Protein chains: 2
Amino acid sequence: MDKDKIDKKDHILDVAEKIFSDLGFDGASTRMISSEAGVNMAMLNYYFGSKEGLFLAVFERKISSFQTLLQNIGNDDSKSSWDKLDTCIENYVDRIIVNNCFQKLIHREMSISKRTDLTDKITDILMVNVNEIKKIFDEGVKNGSFNHDIDSAMITATIFGTKNYIINTPNISSLMLGHDIREEKYLEEDLKPRFKNYMKRLLRAYLLVEQHDNTTV
Amino acid sequence: MDKDKIDKKDHILDVAEKIFSDLGFDGASTRMISSEAGVNMAMLNYYFGSKEGLFLAVFERKISSFQTLLQNIGNDDSKSSWDKLDTCIENYVDRIIVNNCFQKLIHREMSISKRTDLTDKITDILMVNVNEIKKIFDEGVKNGSFNHDIDSAMITATIFGTKNYIINTPNISSLMLGHDIREEKYLEEDLKPRFKNYMKRLLRAYLLVEQHDNTTV
DNA sequence: CAAAATTAATCAAACGATTGATTGAAATTG
DNA sequence: CAATTTCAATCAATCGTTTGATTAATTTTG
């Protein structure tokens, strides 16, 4: 049936996403993925053409869900810059924690120099998030909500970088935080609110700071 | 001669570091490394035992230079917590920007789930840096220099995460910053002071904040 | 000192294993 | 039955590693 076929494809993509995330593109083998998914190896090529085709399919499936949520925030003119920022953080963290293994996958492959065609594609996707947040900062500066001499590029890097550091290097962040962040329960009930709380306060402190003594440079 | 042997070994390690950084451990092949280094393939195993031995040797060579600088800062009791923090940032940024391709290498392999024995070794190395900074925060809180209810684990993640994000995803950070960060000149003359300046100010704002309204959680 | 023995360094060639991919037959489907 | 889906078997290519031979340098010996 058509439905079964789609389900099977989806199941293969689920397994592939997990294995690619854990072992990287080069470290994952098609045999491993097929056996883990319980399908014949030839099915991968039958469905997706090649290993790279499968890798791309993992991405394609996620893209749609990534691009829907984004535009709704920046366009809401009834919200203040502070509200927009808070909403953005809330939604971003909620979405990113769920897809944390996919996030690992994305940023690992982004740091590899080859495969430039794929890298360009991922760059476009990620820049949507980046520009959305950066726009809020620039707007907030213009309307006087935020300090006028903030470094909007850097603070954007801080938001994404802090998140990536915690998600992508679980060995280290688990030691730092005193808990195994791979535990679903801890991630959802403790880390998520803690991260939101911390990030909001960090941003508030940085964006509102009045007396900036640059004498310590 | 002995000197030539050491130079040759060092040359192989230079090439290996570059190729591992560009393609990852699995993506790099021993044939590629040996041919790029201009040595016979068997020499890699003759010198380093195995591919993983070569990979480890790349690390071992760096470790010493990484661990010497660190202890000197935290132990200097003549410095205030603020001075320690500033010195730490200065030194860390200076050192990290130079070794940026090595940093890419480290954090890519750290995000891979397998190879746990190697991962553990890298974790130990990185935790030295992490703990050094975290210690400064905790000390500063204790002696009243910093706000008492800061999240020292998170702010540490922010320092390393922001740096990693910029270095490890050059495609994205270059678009954000408006310049190609792979340009040596820009990296040294613009990004480095900009990063230091930003990070110090961010920390100052967060660590000093007085009125913390948690009503927005 | 010169000849012999030992060690270290280097090489081309080949090893078995695994990779991603393909085949053609068998099974399932509508 | 015709078309689609699945499978075991196999493909050439590449992987990391090992081998045995060769060269160069060092040490030991007579």
Side-chain angles (χ1 to χ4, degrees), chain A residues 1-60 105 108-109 112-115 117-118, chain B residues 1-60 105 108-109 112-119:
Chain A
M1 294 227 188
D2 203 32
K3 189 175 174 302
D4 286 348
K5 198 186 77 181
I6 291 177
D7 283 350
K8 177 163 283 187
K9 265 189 163 182
D10 240 42
H11 177 242
I12 294 176
L13 288 174
D14 285 338
V15 173
E17 183 178 317
K18 176 72 170 65
I19 294 186
F20 277 137
S21 300
D22 285 343
L23 306 176
F25 180 83
D26 294 311
S29 77
T30 54
R31 278 175 178 77
M32 198 182 305
I33 295 172
S34 62
S35 81
E36 187 80 16
V39 301
N40 190 275
M41 217 180 53
M43 297 307 298
L44 301 189
N45 294 298
Y46 178 74
Y47 280 139
F48 307 103
S50 67
K51 184 188 183 182
E52 185 159 319
L54 171 61
F55 191 71
L56 273 170
V58 170
F59 276 90
E60 305 283 2
L105 172 59
R108 168 143 21 74
E109 301 305 324
I112 299 214
S113 298
K114 65 171 180 178
R115 282 199 296 276
D117 49 337
L118 180 61
Chain B
M1 297 234 182
D2 202 31
K3 191 176 175 299
D4 286 347
K5 197 186 80 181
I6 292 176
D7 285 350
K8 178 163 281 186
K9 265 189 164 182
D10 239 43
H11 174 62
I12 294 176
L13 288 174
D14 285 337
V15 173
E17 183 178 319
K18 175 74 169 66
I19 294 185
F20 277 137
S21 299
D22 285 343
L23 305 177
F25 180 83
D26 294 311
S29 76
T30 54
R31 281 172 176 79
M32 197 182 305
I33 294 172
S34 61
S35 80
E36 187 79 16
V39 301
N40 189 275
M41 222 174 42
M43 296 308 297
L44 300 190
N45 294 295
Y46 179 73
Y47 279 137
F48 306 103
S50 66
K51 184 187 183 183
E52 183 159 318
L54 171 61
F55 192 71
L56 272 171
V58 171
F59 277 90
E60 304 283 3
L105 171 59
R108 168 144 21 74
E109 301 306 324
I112 296 202
S113 298
K114 65 168 180 177
R115 284 198 297 276
T116 50
D117 49 339
L118 179 61
T119 319

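Residue numbers begin at 1 in each chain, while the letters A, B, ... track the order of the sequences. Predicted model only: the values in this text are computed from it and were never measured.
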Participant: Looking at every non-hydrogen atom in both residues, tell me the closest pair between B:Ser50 and B:Asn45 and how far apart they are.
Facilitator: CA-OD1, 3.4 Å
Participant: Taking protein heavy atoms under 4.0 Å as touching, what does nucleotides 11-23 of chain C look like 5' to 3' if B marks base contact, S marks sugar-phosphate-only contact and - marks none?
Facilitator: BB-B----BBBBB
Participant: Quick one, A:Ile12 and A:Leu54 - any side-chain contact, counting heavy atoms below 4.5 Å?
Facilitator: yes
Participant: Got a sec, which residues hit salt bridge (charged side-chain N to carboxylate O under 4.0 Å, His left out) with A:Lys18, two or more places apart in sequence or on another chain?
Facilitator: A:Asp22
Participant: Using whole Å, report how far CG of A:Leu44 lies from P of D:dT6.
Facilitator: 12 Å
Participant: Taking side chain as C-beta onward, heavy atoms only, is A:Glu109 less than 4.5 Å from A:Leu105?
Facilitator: yes
Participant: Measure OH/B:Tyr47 against P/C:dA8 and give the value in whole Å, please.
Facilitator: 12 Å
Participant: Does the side chain of B:Tyr46 get closer than 4.0 angstrom to OP1 or OP2 of C:dT10 through an N or O atom?
Facilitator: no
Participant: How are the rings of B:Phe20 and B:Phe25 set relative to one another: parallel (under 30°), tilted (30 to 60°) or perpendicular (over 60°)?
Facilitator: parallel
Participant: Taking NZ from B:Lys9 and P from C:dA8, how many angstroms apart are they, rounded to a whole number?
Facilitator: 12 Å
Participant: Checking B:Asn40 now: which residues fulfil side chain to side chain donor-acceptor pair (under 3.5 Å) with it, not counting sequence neighbours?
Facilitator: none
Participant: Would you call A:Tyr47 and A:Leu13 a side-chain contact if the rule is heavy atoms closer than 4.5 Å?
Facilitator: no
Participant: Output a table of donor-acceptor pairs, distance under 3.5 Å, between side-chain atoms of residues 32-39 of chain A and any protein atom two or more places apart or on a different chain; print 'none' if there are none.
Facilitator:
residue : atom : partner : partner atom : Å
A:Ser34 : OG   : A:Thr30 : O            : 3.1
A:Ser34 : OG   : A:Arg31 : O            : 3.0
A:Ser35 : OG   : A:Arg31 : O            : 3.3
A:Ser35 : OG   : A:Met32 : O            : 3.2

Participant: Could you give the angle between the helix axes at the two ends of the helix from C:dC1-D:dG30 to C:dG30-D:dC1, with five pairs per end, rounded to 10 degrees?
Facilitator: 20°
